[in-house]
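If you're wondering where the values come from, they're calculated on a predicted model, not measured in any experiment.
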Amino acid sequence: MKKFKRVFDILKEYRDPATKHKTAVAGRERGQWRKYTREEFIKTIDELSQGLLSLGLGKGDRVALMSGNRPEWNFIDFACNQIGVVLVPLYPTLSNHDLEYILKDAEVKALFISSQELCDKVASCLKNTDLEFPLYSIDQLEGYAHYSEVREAGKASQHDLEQYRSQVSEEDLLTLIYTSGTTGNPKGVLLSHKNLVSNVSACRHLVTDEYKKALSFLPLCHIFERMVIYLYLSKQIEISYAETLDQIVVDIQDVKPDLFTTVPRVLEKVYDGIITKGKELKGIKKGIFFWAIELGHQFKEPPLNSSFYMFKLGIARKLVFSKWKEALGGNIKLIISGGAALQERLARIFWAADIKVLEGYGLTETSPVIAVNSWAAEDVKFGSVGRVLSNLDVKIADDGEILVKGPSISSGYYNNPEETKAVIDQSGYLHTGDIGEITSDGFLKITDRKKEIFKTAGGKYVAPQVIENKLMESLLIAQVMVVGENKRFPSALIVPALTELEKWANHKQIPFKNPLELLNLPEVIDKYNREIDRLNDGFGQWEKVKKFKLLPKEWTIDAGELTPKLSLKRKIILQRFAKEIAEIYGE
């Protein structure tokens, strides 16, 4: 493929008449897959660009988009970026306060919204403001202008799009992404064409030419999935968008993807589901299943596994792990995991199952990938986030913070010079806020968030993410947050995996009417104590979780306790469960 400098240059190959009938993207419409050929893909984008120009929008103007993953996301994104219009993606879960702030701060000139629910949400938010701009729905909705009106207006326009494309440089702003904060207003991260293109180019080695189909379900409003979509398009991979996470199993079976991206929580649920089914087996089948699981957990980096181990693994793959691949469509070869720390045991067992899970690391401000493991045998290290990308310079500060510099690094925050100065030093290094180390063989390891490390009353430092990641190995724990700043010892807020807990209680013949009744039973408290004691092994005495509180309700994005990439909003959780934490420490 020829080199490209601007994001829309990725589509040059899609304009080749010889390949116009190939599928570019697909999405569900009324339960059925709607596929768009490359010819339709390009034609729709160009007509939307013409329509935006006919509305008076031009280079530097901001257009907002609030939608789930679907082909229309791509249409609007490329329609904007090839004429220099800046796209402002909006998380559907934004509060009214943050939504109003972003629309004002970004000086949005038009807004595209997918569904009735989101349109009504935005209309309600705008009702008491002085904001005025056209609003277009992607679904056909009564009372709202449909986005096809923009396309129809474009069909009647005669603008020379190539002239507009030529005026867009690699340094021009591509997108303005507002990061969700636990306090204060969101910050608008400035990302240029060069930022994204350089990250795509540095990651292209991860996706080989054998991959033909990808499934997308992580939110496109987050830069991780969006960059990966650009990567897929640059490799001419057909992309299908899952309708909802609830539908993901059906969509995987329909699409039969070669690869997809995910967050660790999804892999944890997949693994837990497999283990649950394994426990339901009987006799020799159950024995073989758990023999394979135990063998899988022993998987080492590919060059380190003995020939005898690989012989046994070959049997396990044929008898057990082949069914894992079937459950993921049958063609799955690669999964890229980001957004949070991946449990090392999960990486090992998926690799053992011949499903390569590549853990990576990055930030919105870095477009986003800083480091990532590879499918190549010598380029993976379990427990690390891989090698630093070849076009980036990473160093570790004296206090352990990871600093990064290179072409994919944001120039800063929109209208916020103070915050920009706080994270980008005079040498051009971005301070990530993460603590890490580079191993002797060149792999980056993340140990914790700088701001999340806390000190106990005894003066000992505790890195909560490392402990949380270990505790999540328990099938009985759905979510966990370690607390204990200025306290005598660390403790944990635990959201139980109620389905697993219910099965355990039934097995132990513990009577209950509602699973929530279990949370206060002495037998259950004792079981969680034993789980924590088991998983505490290996931590220093000052790091070990001594007490815990079981919570009845899962933390969610909608409730404001999780970020859109499913990370814990620690300050929010600390505030909401201050009473429970006080009870733990007898305060």
Side-chain angles (χ1 to χ4, degrees), residues 93 182 244-249 263-280 340 343 464-465 467-484 487 489-536 544-564 566-587:
T93 54
T182 54
T244 65
L245 270 176
D246 296 334
Q247 183 81 5
I248 190 68
V249 174
V263 290
R265 187 71 188 118
V266 174
L267 291 179
E268 288 162 11
K269 287 187 174 182
V270 169
Y271 175 79
D272 291 349
I274 289 169
I275 296 299
T276 298
K277 287 187 176 180
K279 288 180 177 179
E280 295 169 356
Q343 293 176 32
Q465 279 192 6
I467 304 168
E468 290 159 1
N469 209 31
K470 186 64 178 176
L471 293 177
M472 284 295 293
E473 290 185 10
S474 171
L475 292 178
L476 294 174
I477 296 176
Q479 295 170 313
V480 60
M481 188 174 102
V482 172
V483 300
K487 306 296 183 184
F489 50 80
S491 297
L493 297 173
I494 294 174
V495 177
L498 287 177
T499 302
E500 288 300 317
L501 180 57
E502 188 175 355
K503 289 177 182 176
W504 175 84
N506 285 327
H507 177 70
K508 294 293 182 180
Q509 297 182 340
I510 299 172
F512 64 93
K513 294 179 181 178
N514 185 311
L516 293 179
E517 294 176 8
L518 294 168
L519 303 191
N520 296 314
L521 296 182
E523 302 98 313
V524 172
I525 300 300
D526 179 63
K527 174 62 175 175
Y528 277 91
N529 267 318
R530 284 184 280 120
E531 284 288 280
I532 290 171
D533 286 345
R534 176 176 66 85
L535 296 165
N536 265 333
K544 292 182 177 181
V545 170
K546 303 291 195 302
K547 293 187 178 183
F548 62 91
K549 187 77 173 180
L550 299 179
L551 305 178
K553 191 176 179 183
E554 191 166 328
W555 297 320
T556 66
I557 296 172
D558 289 343
E561 295 142 342
L562 301 179
T563 69
L566 304 181
S567 299
L568 300 174
K569 286 191 174 182
R570 295 179 185 270
K571 289 183 180 179
I572 298 293
I573 293 172
L574 284 171
Q575 290 168 4
R576 290 187 181 174
F577 296 92
K579 179 183 175 183
E580 287 80 358
I581 294 170
E583 289 173 358
I584 289 174
Y585 293 101
E587 297 171 348

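Residues meeting the side-chain contact (heavy atoms from CB on, under 4.5 Å) test with K269, sequence neighbours left out: R265, E554. Under the rule for a side chain to side chain donor-acceptor pair (under 3.5 Å), T93 has no partner lying at least two apart in sequence or in another chain. With sequence neighbours excluded, the residues satisfying side chain to side chain donor-acceptor pair (under 3.5 Å) with Y271 are H297. Qualifying side-chain contact (heavy atoms from CB on, under 4.5 Å) partners for K508, counting only residues two or more places apart in sequence or in other chains: W504, I510. Legend: residues meeting side-chain contact (heavy atoms from CB on, under 4.5 Å) with A578, ordered by chain and number and at least two apart, are absent. In this structure, the side-chain contact (heavy atoms from CB on, under 4.5 Å) partners of K546, at least two apart in sequence or on a different chain, are F489, Q541, K544. Taking the side chain to side chain donor-acceptor pair (under 3.5 Å) definition, one finds that E561 meets it with R576, sequence neighbours left out.
Of the inter-residue distances, the one linking Q465 atom CD with L568 atom CG reads 8.0 Å to the nearest 0.5 angstrom. Atom CG of residue L471 and atom CZ of residue R534 lie 9.5 Å apart, to the nearest 0.5 angstrom. The distance from atom CG of L535 to atom CD of E531, rounded to the nearest 0.5 Å, is 6.0 Å. In this structure, CD1 in I584 is found 13.0 Å from NZ in K579, a value given to the nearest 0.5 Å. Note that CG of L574 and CD1 of I581 are 5.0 Å apart. Values are rounded to the nearest 0.5 Å. The CG atom of L501 sits 10.0 Å away from the NZ atom of K527 when rounded to the nearest 0.5 Å.
Within the 3.5 Å criterion, the main-chain N or O of L475 finds no donor-acceptor partner in the side chain of D272. Within the 3.5 Å criterion, the main-chain N or O of L476 finds a donor-acceptor partner in the side chain of Y528.
Sorted by first and then second residue, the side chain to side chain donor-acceptor pair (under 3.5 Å) pairs with a member in residues 491-503 read T276-E500, S491-Y585; sequence neighbours excluded. Listed by first then second residue, pairs satisfying salt bridge (charged side-chain N to carboxylate O under 4.0 Å, His left out) with a partner in residues 468-478 read E468-R570, K470-E473, not counting sequence neighbours.
For the pair F577 and K549, the minimum side-chain heavy-atom distance is 4.5 Å or more. Side-chain contact between L493 and V480 is absent, with no heavy atoms from C-beta onward closer than 4.5 Å. For the pair N529 and F548, the minimum side-chain heavy-atom distance is below 4.5 Å.
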Listing, residues 511-526 side-chain donor-acceptor contacts under 3.5 Å, not counting sequence neighbours, or none:
from, atom 1, to, atom 2, distance (Å)
N514, OD1, L516, N, 2.8
E517, OE1, K513, N, 3.1
D526, OD2, R530, NE, 3.0
D526, OD2, R530, NH2, 3.3

Tell me, with the steps shown, if L562 and Q479 meet side-chain contact (heavy atoms from CB on, under 4.5 Å).
CA-CA 11 Å; L562 301 179; Q479 295 170 313; 3.9 Å; yes
Apply side-chain contact (heavy atoms from CB on, under 4.5 Å) to I557 and T563, showing your working.
CA-CA 6 Å; I557 296 172; T563 69; over 6 Å; no
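A pairwise comparison of heavy atoms in P496 and A478 identifies O-CB, 3.7 Å as the closest pair.
Residues E280 and K277 are not paired through a salt bridge, judged by the lack of any N-O separation under 4.0 Å between the basic side chain and the carboxylate.
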